[in-house]
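Notes follow once the structure below has been shown.
Residue numbers start from 1 in every chain, and the chains themselves are labelled A, B, ... in the order their sequence lines are given, proteins ahead of strands.
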Amino acid sequence: MKLESYKFIFVAVGLIGVLLIASPAIAGAIHLPGGDAFSELYLLGPGQMAENYPSNIAVGANYSVYVNVGNHLGSSVYYVVYVKLANATDQLPNTSLGTPSPLLPLYEYRFSLPDGASQQSLVSFSVSSGAIQGSNSQISTLQINSQAFNVEKSAVWNSNSSKFAYQLFFELWLYNETTGSLEFNDRYVSLQLNLTRTQ
Amino acid sequence: MRSKQLSAKRKLLSITLVAILVLSLCLMVVSSAAAQTDQAASKLAAANLAVGQAFNGVLGAEKAGANVTGLLVQLNVAEGFLAQAENSYRTGDSSAAAAQADSVLPVAQQITAAAQNAKQAAVASARNGFWETIAFTAVGLAAFVIALLFAWSRVRRNYIKNLLKAKPEVVNR
């Protein structure tokens, strides 16, 4: 073996060694880009499975769902979930425009999640006061997590779907630390409800 | 005739006085309710601001490398109080909303202060860690390069020695 070959081996070993020894310092200086940043929002039924979602509801009966939020945004996030009730004519959030529903929230809950964590929240609700008269129905009071909210929401009988259609939906908002305000995260999940009977 | 007129005037006067009294009472009740609602709204705004600042503090501490698990637990308590206050306000219970909004402030302020301390500690620790890493890297690199040069000089010397040994010699016969 020639001396040049030995030299080449020493230079290669030297470079690899320098890289290995300096790797902690290099890792501290270089920040690799992370993966896709997003928040997840989904609903589970009362058995914490994607089944048995409440649909046909009666006045006075209790129903529950689990609302799940997951944080994959790379840092801790302050979330707000707004619960709103709509009838067939009310405007829902527009996910293509990124605008929330103009309806006022009935109920809300707030929490902060570290990156990679998720939170499951039980939301129970019942129509404590409502009426059906012919082809018209009205929900006057909706109770969410034991708090009563005056909603006065009416729906007419839809002969195509054969129901008095209401939607209970959950909008995901998050706190923007730069602007210091809450912003709609362009995500919502909804429950299609049909008021079937009153007491 | 005159006494009848006087009694009618007295009646009218007393009815007017009672009406004024009732009206002023109503105004007082309405204005007091409006004042209570305004007070609750301003307390909610202050609580929202305080929780936002607390979150910013926690986020700053997290970005500086601090462990913010405990702070997030406390923050969730403050956010829970704030959500309760907002929900009470929506149901029209302004006094409960104001009381719940008041309970947010001390928790939020405590979090903000703790987050600031955690951030300062994390920044100091990160600075120390950075210089330690630089120092260890420099010492390690120097030792490695010296060892490599030493090894290289040994290899080269041995190589030359072997080369000289292997040199063909001319023998006179």
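Residue A/Ile21 comes nearest to B/Phe144 through the heavy atom pair CD1-CB, 3.4 Å, listed as atom of the first residue, atom of the second, then distance.
With a 4.5 Å cut-off on side-chain heavy atoms, A/Pro114 and B/Val68 do not count as touching. Contact check for A/Tyr109 versus B/Gln84: no side-chain heavy atoms found under the 4.5 Å cut-off.
By number of non-hydrogen pairs under 4.5 angstrom with chain A, the leading residue of B/Ala151, B/Gly92, B/Ala138, B/Gly129 is B/Ala151. Highest contact tally toward chain B, considering only A/Phe111, A/Tyr78, A/Tyr175, A/Tyr6, is held by A/Tyr78 [criterion: heavy-atom pairs under 4.5 Å]. Your options are B/Thr137, B/Thr133, B/Val155, B/Asn87, and the one with the most heavy-atom pairs under 4.5 Å with chain A is B/Asn87. For the set A/Ala22, A/Gly17, A/Pro24, the entry with the most heavy-atom pairs within less than 4.5 Å of chain B is A/Gly17. When each of B/Ala78, B/Ser88, B/Gly52, B/Ala83 is checked for heavy-atom pairs under 4.5 Å with chain A, B/Ala83 comes out on top. For the set B/Tyr159, B/Phe130, B/Phe136, the entry with the most heavy-atom pairs within less than 4.5 Å of chain A is B/Tyr159.
Put simply, A/Leu92 and A/Leu85 are part of two different groups of oily side chains (I, L, V, M, F, W, Y) that touch within less than 4.5 Å, one to the next. Connection of B/Val58 to B/Leu105 is not established within any shared hydrophobic cluster, with ILVMFWY side chains joined at heavy-atom distances below 4.5 Å, either directly or through further cluster members. In this structure, B/Leu44 is a member of the same hydrophobic cluster as B/Phe55, with clusters built from ILVMFWY side-chain heavy atoms closer than 4.5 Å.
Heavy atoms of A/Leu106 lying under 4.5 Å from chain B belong exclusively to its backbone. Neither the backbone nor the side chain of B/Thr69 comes within less than 4.5 Å of any heavy atom in chain A. Residue B/Asn48 touches chain A through its side chain alone, counting heavy-atom pairs closer than 4.5 Å. Interface residue A/Val13: backbone and side-chain heavy atoms are both found under 4.5 Å from chain B. With a 4.5 Å cut-off on non-hydrogen atoms, B/Ala147 does not touch chain A at all. Interface remark: A/Tyr79 contributes no atoms to any contact with chain B (heavy atom separation under 4.5 Å). For B/Leu148, the parts lying under 4.5 angstrom from a heavy atom of chain A are both the backbone and the side chain. Of the atoms belonging to B/Leu75, it is side-chain heavy atoms, and not backbone ones, that fall under 4.5 Å from chain A. With a 4.5 Å cut-off on non-hydrogen atoms, A/Glu177 touches chain B through its backbone and its side chain both.
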Candidate pair A/Ser75 and B/Leu59, rule side-chain contact (heavy atoms from CB on, under 4.5 Å), full reasoning = CA-CA 8 Å; A/Ser75 63; B/Leu59 195 65; 3.9 Å; yes
message = If you apply the rule side-chain contact (heavy atoms from CB on, under 4.5 Å), what do you find for B/Arg90 with A/Glu108, and how did you get there?
response = CA-CA 10 Å; B/Arg90 283 191 197 105; A/Glu108 66 172 61; 2.6 Å; yes
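At most 12 heavy atoms of other shown residues, nucleotides or ligands fall within 6.0 angstrom of atom CD in A/Gln91.
Side chains of A/Gln147 and B/Thr91: no donor on one and acceptor on the other come within 3.5 Å.
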